[in-house]
Number of protein chains: 2
Amino acid sequence: MSQIKPTSTNFSNKTALSDECPEAYASSIIGGQWTLVICSWLLSGKLRFGELKKRLPNITERMLTLQLRKLEQNKIVSRVVYAEVPPRVEYELTSIGYALQPVIKELEKWGESHKQLTNE
Amino acid sequence: MSQIKPTSTNFSNKTALSDECPEAYASSIIGGQWTLVICSWLLSGKLRFGELKKRLPNITERMLTLQLRKLEQNKIVSRVVYAEVPPRVEYELTSIGYALQPVIKELEKWGESHKQLTNE
DNA sequence: CTCATTACTTACATTTTTGATAGTACCTAA
DNA sequence: TTAGGTACTATCAAAAATGTAAGTAATGAG
């Protein structure tokens, strides 16, 4: 599922940074292009795959799946499959997932003020 | 200097996300592999190019230059060149750069607790 | 039997980011 | 005149992330 090479310089650099530097570690986990937006939506409650897709109009199903899988691996979201047809799958933040709230709030605040600054 | 294609889907997705979503915007600015570590070091005061390099043992000069240029473009660091030989160049956070402190603090906190959780 | 619905998967292509390596310019001191 | 220190730049290559397009499985409704 993952196509990363454990022998690459890139990989060992990331690993070393993550080891020494918790903010780099955090960024490597939530730094994907769609990750924060997904988590933002999930902060207001669990959502089905299709509901997430609707809220992220430009994401492909492939990317949504990949991001959700990564979030699941990192224990940030939980995935519940109902034995129905057509299938129903619900995604919900775990407690460490909900703990992202203050991080996201600070990022938002900073983002807003940076945007304002550079629009002058 | 930048090799991004303004016609790509990727580019327009990033743009749209950054427009609607300040946390995605922030992440696109400080989400580079070395960005947060560089800012972390600069939080404790200005540093010369070579000093930064020493503190980031595995970074190449090229990457350090690229990251610093991007930070400069985004008004997060200022660059002061002294007319000396050999050259001396100092990098320092701007005020919006120093404003990253709470963001970094939250990221650190979250990173630590996530690390702890996944080590059990 | 056929179709519709939902949540995927697979194979491939493109774009973006990162790394390796070898330069360059400048002046000063020896 | 030559070497040395500093902060780069230029080219090329590799790796990683993202996008495109076309499937698949399951089953209940008609």
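Here is how names work: the chains are called A, B, and so on, in the same order as the sequence lines, proteins then strands, and each is numbered from 1.
Although no hydrogens or angles enter the test, the distance criterion places no donor-acceptor pair under 3.5 Å between the side chain of Ser27(B) and the main chain of Glu23(B).
Ser18(B) meets the side-chain hydrogen bond (donor to acceptor under 3.5 Å, both in side chains) test with no other residue; sequence neighbours excluded. Contacts of Thr35(B) classified as side-chain hydrogen bond (donor to acceptor under 3.5 Å, both in side chains), with partners at least two apart in sequence or in another chain: Gln67(B). Residues passing the side-chain contact (heavy atoms from CB on, under 4.5 Å) test with Ser12(A): none are found, sequence neighbours excluded. With sequence neighbours excluded, the residues satisfying salt bridge (Lys or Arg N to Asp or Glu O under 4.0 Å) with Arg88(A) are Glu84(A), Glu90(A). Looking at residues two or more places apart in sequence or on another chain, you find no ring-ring contact (aromatic ring centres under 6.0 Å, His included) involving Phe49(B).
Between Leu52(B) atom CG and dA7(D) atom P there is a gap of 10 Å when expressed in whole angstrom units. When rounded to the nearest whole Å, the span between CZ of Arg88(B) and C1' of dC27(C) equals 15 Å. Protein atom OH of Tyr82(B) is 19 Å distant from nucleotide atom C1' of dC27(C), rounded to whole Å. Rounding to whole angstrom units, CG of residue Leu66(B) and C1' of dC8(D) are separated by 11 Å. The nearest whole Å value for the distance from the CZ atom in Phe49(B) to the P atom in dT9(D) is 9 Å. The distance from atom NZ of Lys53(B) to atom C1' of dG5(D) is 11 Å, rounded to the nearest whole Å. One can place CG of Leu17(A) at 11 Å from P of dT18(C), the figure rounded to the nearest angstrom. For Glu61(B) and dA20(C), the CD to C1' distance is 12 Å, given to the nearest whole Å.
An OP1 or OP2 oxygen of dT18(C) is reached within less than 4.0 angstrom by no side-chain nitrogen or oxygen of Asn13(A). At dT9(C), one or more side-chain N or O atoms of Arg69(A) fall inside 4.0 Å of OP1 or OP2 (strictly under the cut-off).
Residues from residues 34-48 of chain B lying near DNA chain D, meaning a heavy-atom separation below 4.0 Å, are Arg48(B) in numerical order.
For the side chain to side chain donor-acceptor pair (under 3.5 Å) condition, the pairs that include at least one residue of residues 41-55 of chain B, sequence neighbours left out, are Lys53(B)-Glu61(B). Judged as a ring-ring contact (aromatic ring centres under 6.0 Å, His included), the pairs with a partner in residues 99-120 of chain A (not counting sequence neighbours) are, in order, Trp110(A)-His114(A), His114(A)-Tyr25(B).
Through direct or indirect side-chain contacts shorter than 4.5 Å among Ile, Leu, Val, Met, Phe, Trp and Tyr, Val85(A) is connected to no other residue. When hydrophobic residues (I, L, V, M, F, W, Y) are linked wherever their side-chain heavy atoms come within less than 4.5 Å, the members clustered with Val80(A) are Tyr82(A).
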How does each nucleotide of nucleotides 25-30 of chain D score, in 5' to 3' order, for protein heavy atoms under 4.0 Å: base (B), sugar-phosphate only (S), or none (-)?
-> -BB---
For each nucleotide in nucleotides 12-17 of chain D, reading 5' to 3', give B when a protein heavy atom comes within less than 4.0 Å of its base, S when such contact involves only the sugar-phosphate, and - otherwise.
-> ---SSS
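When each of Ile59(A) and Tyr91(B) is assigned the nucleotide of DNA chain D with its nearest heavy atom, Tyr91(B) is the one assigned upstream, toward the 5' end.
A salt bridge is defined here as a Lys NZ or Arg NE, NH1 or NH2 lying under 4.0 Å from an Asp or Glu carboxylate O, and Glu106(B) with Lys109(B) meets this definition.
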